[in-house]
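Only one structure is covered here, and it is reproduced in the block below.
One is the number of the first residue; the rest follow in order along the sequence.
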Amino acid sequence: MRGMLTPLARDCEVTLIPSGERAVMPAGTEVRVLQTLGGNVTVQGDYGQLMRIDEKDAEALGEDYLAQNPKSAEPQAAAGEGPEGPFDEERVWEQLRTVYDPEIPVNIVELGLVYQCKATPLPEGGQKVEILMTVTAPGCGMGPVLVDDVRRKVQGLPGVKEADVQLVWDPPWDQSRMSDVARLQLGWM
């Protein structure tokens, strides 16, 4: 399925990469699946335009895609409907590792995009999780999309009452912030 042209089974809202603009691709539009990571799918249109199809719309890629990617067919929990149990900061980091740059097949933690993750108990119970993150390039329109992904995934965790996710530019990101895992994945070691 990856790399093959796939016609969309229905009209589908997409996010254009790197602008972050939303568009609707009509049913029948042929796209090439480039990566399926963190639930979202990065596809390429017939003129080379990269687009992200959100996890909730992955079924628009049709039955063949779903047969080869069964997790894409599973309904996802909405924010606040996460599993029960006590708050665990390691679970926050686990969720952050499920958010991927749509152009680079590496999660945002290994890319070094997460600058801070801090949990603070709230007086009424639960935790407020504050995250400072950036993107690989200041002009990248995908920043707000990634912020929404992070907020949604962290907000769904047990014990999390608030998720405050901020996009920051200082210090500016550079390749030195990447982990050895990311460098290895990208063949930069």
Answer yes or no: is there an ion pair linking [X] with [Y], defined by an N-O contact shorter than 4.0 Å?
{"X": "Asp149", "Y": "Arg151", "answer": "no"}
{"X": "Glu90", "Y": "Arg97", "answer": "yes"}
{"X": "Glu59", "Y": "Arg10", "answer": "yes"}

For Thr15, check side-chain hydrogen bond (donor to acceptor under 3.5 Å, both in side chains) against everything at least two apart and list the hits.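 Testing Thr15 for side-chain hydrogen bond (donor to acceptor under 3.5 Å, both in side chains), a comparison that skips the adjacent residues, returns Arg22.
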Donor-acceptor pair, [X] side chain versus [Y] backbone, under 3.5 Å?
{"X": "Lys118", "Y": "Val129", "result": "no"}
{"X": "Gln49", "Y": "Ile17", "result": "yes"}
{"X": "Arg183", "Y": "Gln175", "result": "yes"}
{"X": "Asp57", "Y": "Ala60", "result": "no"}

To the nearest 0.5 Å, what is the distance between OG1 (Thr134) and CD (Gln166)?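 Rounded to the nearest 0.5 Å, the OG1-CD separation comes to 12.5 Å.
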Could you tell me which residues satisfy salt bridge (Lys or Arg N to Asp or Glu O under 4.0 Å) with Glu124, sequence neighbours excluded, listed by chain and number?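 For Glu124, no residue satisfies salt bridge (Lys or Arg N to Asp or Glu O under 4.0 Å) once neighbours in sequence are set aside.
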Please tell me if the side chains of Arg52 and Val145 come closer than 4.5 Å, counting only heavy atoms from C-beta onward.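 Yes, at least one pair of side-chain atoms sits under 4.5 Å.
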Does any part of the side chain of Val135, heavy atoms only, come nearer than 4.5 Å to the side chain of Leu167, both counted from C-beta?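 Side-chain contact under 4.5 Å: yes.
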Check the surroundings of atom CD in Glu63: do more than 12 heavy atoms from other residues, nucleotides or ligands lie under 6.0 Å from it?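 Counting other residues, nucleotides and ligands, CD of Glu63 stays at 12 neighbours or fewer.
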